[in-house]
Amino acid sequence: MEKIELLAPAGDLEKAKTAILYGADAVYLGGKKFSLRSRASNFDIEDIKAACDFAKKHNSSIHVTVNIIPHESDFEGLKEYLKALEEIGVKAIIVASPSIAVLAKEVASKLEVHLSTQLSITNAKSVDYFNDINPDRVVLARECTIDNIKHITKHLNIKTEAFIHGGMCVNYSGRCTLSNAMTLRDANRGGCAQSCRWKYHLYDADVKISDDDILFSMSSKDLMAVDKIYDMIEANVSSLKIEGRMKSNYYIATVVKTYRKLIDEIYETKSRPSDDRIKYYEKEISKAENRLTSSGFYNGIPTASGHLYGINGAGVTHDFVGLVLDQNNDYTFIQTRNVYSVNDELEVFGPNIDNKRFIVKSILDEADENVKIANRPMSIMKVHIPFKVNKGDMIRRFYP
Amino acid sequence: MYELLSTIFDISDIVKIKKANATGIIIGDKFNGSRLSKPFNNEEIANAVKVAFENNLKVYIKMNKMYDDEELESALDYLKFLKNLNVSNIFYNDPSVFVLAKSLGIEDRLVYDPDTIVTNSYDANYHLKKGIYGVILSKEITKEEMIMISNKVSGNTGVIVHGYLNMSYSKRKLIKNYFEYLNKEYDANNKRSLYLIEQTRIGKMPIIEDEQGTMIFTDYVQESFDEIVELYNNNVKIFIVDGIFLDIEKVIDALIGYSSLLNNISYDKNDYYNKYKDLPLSTGYMEKATNLVK
């Protein structure tokens, strides 16, 4: 049986490389046109090619989101764009518009076509509707429970992809125009203002029934499906998708590495991870996750515990403070990303290193002067780390 | 020939909307239909079909729920029931409804109405080529875009010309969850008197929670008195007056206005504006394009 794919997001080339190095089997990203998440720092065609080349070198692949719901005028240049994606080595496109899917099959037949979650596929029969497109994969709606997914995969001959982590639309994807109506920003063409996360007074026949201290909100907790990965593998899902093209490099590294380890552990042990192991992986995620999380629809329709009211943040347990650039016998060269000081205990993690801790004995700045604190962003500091680290490893400070 | 359809609140409304020159009614049940002016049970639907046919009106059924696999058997039973009643047309949202309808040989009665996502002629044609009766165009596109699409596709297109427009469809019970969080009892199920006001704005957005989840509507009532004739002249065939959160009087007056205009009888939309001064009427997206970015 083919091993399940771990599919990670990337908002720029650096994040794509990070995702691949930290264990993503594939990375999805958006071009400057035809893609949702217009605020993500999207890729031009040269960047996509660079990502494809890097992915190929590391036995990974690139998927490109072509997932706008296009208006009549949005098709200009699409055919050429699809051909270019095929030529530079993109493996798949993620598509919400059936006509774009049909076009891709006609003009760029080497591209796999993955039907987007924007199509809100919640049952196996819905996939039959799109048989004429001959899609290579369907991304299931986030409204599916684990039982729904098991049923769908059992009755389909086509590959499926399911979300396992990240932000969730509170409405059926693609079926929300709150942003359009309230800000004139088109949610289905990359302009979503996330109006669902705003706060609202609720009235019944002109009598206010919402609480002034905790206003009505539709904000969903982020999805975290650490405890569902075994079920997804068992259900024969083909790809596990992390949401978050606008997330940081550190977030990508942490989340990807955690799920990579979890997936590998399941394949290695051939068994469901114990509660303790699940807790361990959830704790790892919490080192970068700054929003509260829930299991989304996987256990059933979310109740109040699946929503955010009044607060948004979970409080990360760790801060990303530095990126390893190099190491010699004496020092490790660290690019400063956040404040750390002499006597701080820091933690290193990377594609080949798991949470090794050390105490900062001294810090040398760029003029080789001893300093007590590293606090200039992007400055390169020299710190002694008493074990081997690698270029690209990340250093974080944790809160005891 | 155009079709001017209207939702109803009661079976007695069928005769009233016939007199206002509607050509069809829109009804549905609470399991398979969502955001209805009023849900009817199967017995009432059968009766409504009988009365509508006696009045030479078409019957459109709203089957706009998103289904799980385990619900498809009952969806199929419902389609068989509708086939036996010989209903004219069926709105669908979930593609599985098409697959089930095709198995019964009634796919040519279907009208694809996903609320959003029919925003261009290529996608509209994709659905129409499956042999369905028509597609309802997304309401968040402009009149010019609707015209472009309707002039390019091979099949029937429709537009919601009047009523509060649905903006969101969540499977979650958002109001129930909110009160659960507040640790307060509140039964929001199918209440039609609830609305939201965003904390920095003043518009009142109706919200309903029903068997399908939670839906939020625009803070304005779409009207298309100045647009309907141009749309009709450019091949839009189906025009919908949705009475949800309105009343039968406002629906009938709208129908009289639109049917007059479609039949080249003069109608001053100010009559409607003046009669319903408190109604937040707007031409919505018809004359106002959305942007891609901030």
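Since the model is a prediction, treat every value here as computed from it, not as a measurement. To find a chain, count down the sequence lines: A is the first, B the second, and so on, and within it residues start at 1. Keep in mind that the numbers below use all heavy atoms, side chains included, and drop hydrogens, waters and symmetry copies.
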So what's closer than 4.5 Å to chain A heavy atoms on B:Asn125: side chain, backbone, both or neither? neither
Does NZ belonging to B:Lys102 count more than 12 external heavy atoms closer than 6.0 Å? no
Pick one of side chain, backbone, both or neither for B:Lys191, based on which atoms fall under 4.5 Å of a heavy atom in chain A. side chain
With a 4.5 angstrom heavy-atom cut-off, which part of A:Ile301 approaches chain B: side chain, backbone, both or neither? side chain
Counting heavy-atom pairs under 4.5 Å with chain B, the top scorer among A:Ala181, A:Ala205, A:Pro98 is A:Pro98
Answer yes or no: is there a donor N or O on one side and an acceptor on the other, between the side chain of B:Ser193 and the main chain of A:Asp204, under 3.5 Å? no
Only pairs of heavy atoms separated by less than 4.5 Å count here; which of A:Ile152, A:Leu103, A:Leu178, A:Leu119 has the most with chain B? A:Leu178
One option among B:Lys184, B:Glu180, B:Arg172 has the most heavy-atom pairs under 4.5 Å with chain A, and it is B:Arg172
Given heavy-atom pairs under 4.5 angstrom as the criterion, report whether the side chain, backbone, both or neither of B:Ile207 touches chain A. side chain
Decide yes or no on side chain to side chain donor-acceptor pair (under 3.5 Å) for A:Asp74 and B:Asn120, but give the supporting numbers first. CA-CA 9 Å; A:Asp74 291 328; B:Asn120 63 77; over 6 Å; no
Given that the side chain runs from C-beta out, which part of A:Val127 has a heavy atom under 4.5 Å from chain B: side chain, backbone, both or neither? neither
Decide if atom CD of B:Glu185 counts as having more than 12 heavy atoms of other residues, nucleotides or ligands within a radius under 6.0 Å. no
Would you mind reporting whether B:Phe179 and A:Leu202 have side-chain heavy atoms less than 4.5 Å apart? yes
Grab the two heavy atoms, one from B:Thr119 and one from A:Pro70, that are nearest each other, plus how far apart they are. OG1-O, 2.5 Å
Contacting region of A:Ile68 [heavy-atom separation from chain B under 4.5 Å]: neither
Of the backbone (N, CA, C, O) and the side chain (C-beta and beyond), which part of B:Met215 lies under 4.5 Å from a heavy atom of chain A, both, or neither? neither
Rounded distance [0.5 Å steps], CZ in A:Phe130 versus OH in B:Tyr126: 5.5 Å
Heavy-atom cut-off 4.5 Å, strictly under: side chain, backbone, both or neither for B:Tyr220 against chain A? neither
Of all heavy-atom pairs linking A:Pro302 and B:Asn177, the shortest is O-ND2, 3.0 Å
Between the OG atom in A:Ser195 and the CD atom in B:Glu198, the distance rounded to the nearest 0.5 Å is 8.0 Å
Turns out that what part of A:Ile121 lies under 4.5 Å from chain B's heavy atoms comes down to neither
Applying side-chain hydrogen bond (donor to acceptor under 3.5 Å, both in side chains), can you list everything that pairs with A:Asp213, at least two apart in sequence or on another chain? none
Residues of residues 66-75 of chain B under 4.5 Å from chain A (heavy atom pairs)? B:Met66, B:Tyr67, B:Asp68, B:Asp69, B:Glu70, B:Leu72
Tell me if the NZ atom of A:Lys208 is crowded by more than 12 foreign heavy atoms within 6.0 Å. yes
Within-4.5 Å side-chain heavy-atom neighbours: B:Lys204 and A:Asp206: yes
More than 12 heavy atoms of other residues, nucleotides or ligands under 6.0 Å from NZ of B:Lys65: yes or no? yes
Bottom line for A:Phe297: the part with an atom under 4.5 Å from chain B's heavy atoms is side chain
A:His201 versus chain B, the contacting section by heavy-atom distance below 4.5 Å: both
What part of A:Thr145 lies closer than 4.5 angstrom to a heavy atom of chain B: side chain, backbone, both or neither? neither
So, does A:Glu72 use its side chain to make a donor-acceptor pair with the main chain of B:Ser121 at under 3.5 Å? yes
Looking at chain A, which one of B:Asp123, B:Ile175, B:Leu165, B:Ile216 has the largest number of heavy-atom pairs inside 4.5 Å, strictly under? B:Asp123
A:Val102 vs B:Tyr122 side-chain heavy atoms within contact, under 4.5 Å: no
Salt-bridge present (A:Asp132, B:Lys130; N to O < 4.0 Å): yes
Kindly indicate whether the side chain of B:Ile141, heavy atoms from C-beta on, has any atom under 4.5 Å from the side chain of A:His71. yes
Among A:Ile133, A:Asn148, A:Asp128, A:Ile100, which residue has the highest count of heavy-atom pairs closer than 4.5 Å to chain B? A:Asn148
Could you have a look at B:Thr200, B:Asp115, B:Leu182 and say which one has the most heavy-atom pairs with chain A under 4.5 angstrom? B:Leu182
Nearest 0.5 Å, please: how far is NZ in B:Lys171 from CZ in A:Arg175? 13.5 Å
A:Lys159 atom NZ: more than 12 heavy-atom contacts under 6.0 Å: no
With a 4.5 Å cut-off on heavy-atom pairs, point out which of B:Thr218, B:Ile197, B:Leu194, B:Val99 contacts chain A the most. B:Ile197
Working for side-chain contact (heavy atoms from CB on, under 4.5 Å), residues B:Thr116 and A:Ile69: CA-CA 9 Å; B:Thr116 58; A:Ile69 306 291; over 6 Å; no
Below 30° counts as parallel, above 60° as perpendicular, anything between as tilted: where do the rings of A:Tyr129 and B:Tyr92 land? perpendicular
Take a 6.0 Å sphere around CG of B:Asn183 and say whether it holds more than 12 heavy atoms from other residues, nucleotides or ligands. no
A:Lys33 atom NZ, neighbour heavy-atom count above 12 within 6.0 Å: yes
What's the spacing between B:Phe98 CZ and A:Ser126 OG if we round to 0.5 Å? 12.0 Å
For the CG atom of A:Asn180 and the CE atom of B:Met167, what is their distance to the nearest 0.5 Å? 9.5 Å
Distance from A:Met218 atom CE to B:Leu196 atom CG, nearest 0.5 Å? 6.0 Å
Part of A:Asp147 lying under 4.5 Å from any heavy atom of chain B: neither
Side chain, backbone, both or neither: which part of B:Arg201 has an atom under 4.5 Å from a heavy atom of chain A? side chain
B:Tyr181 versus A:Ala304, closest heavy-atom pair with distance: N-CB, 3.8 Å
Using non-hydrogen atoms and a 4.5 Å limit, figure out which bit of B:Leu174 sits close to chain A: side chain, backbone, both or neither. both
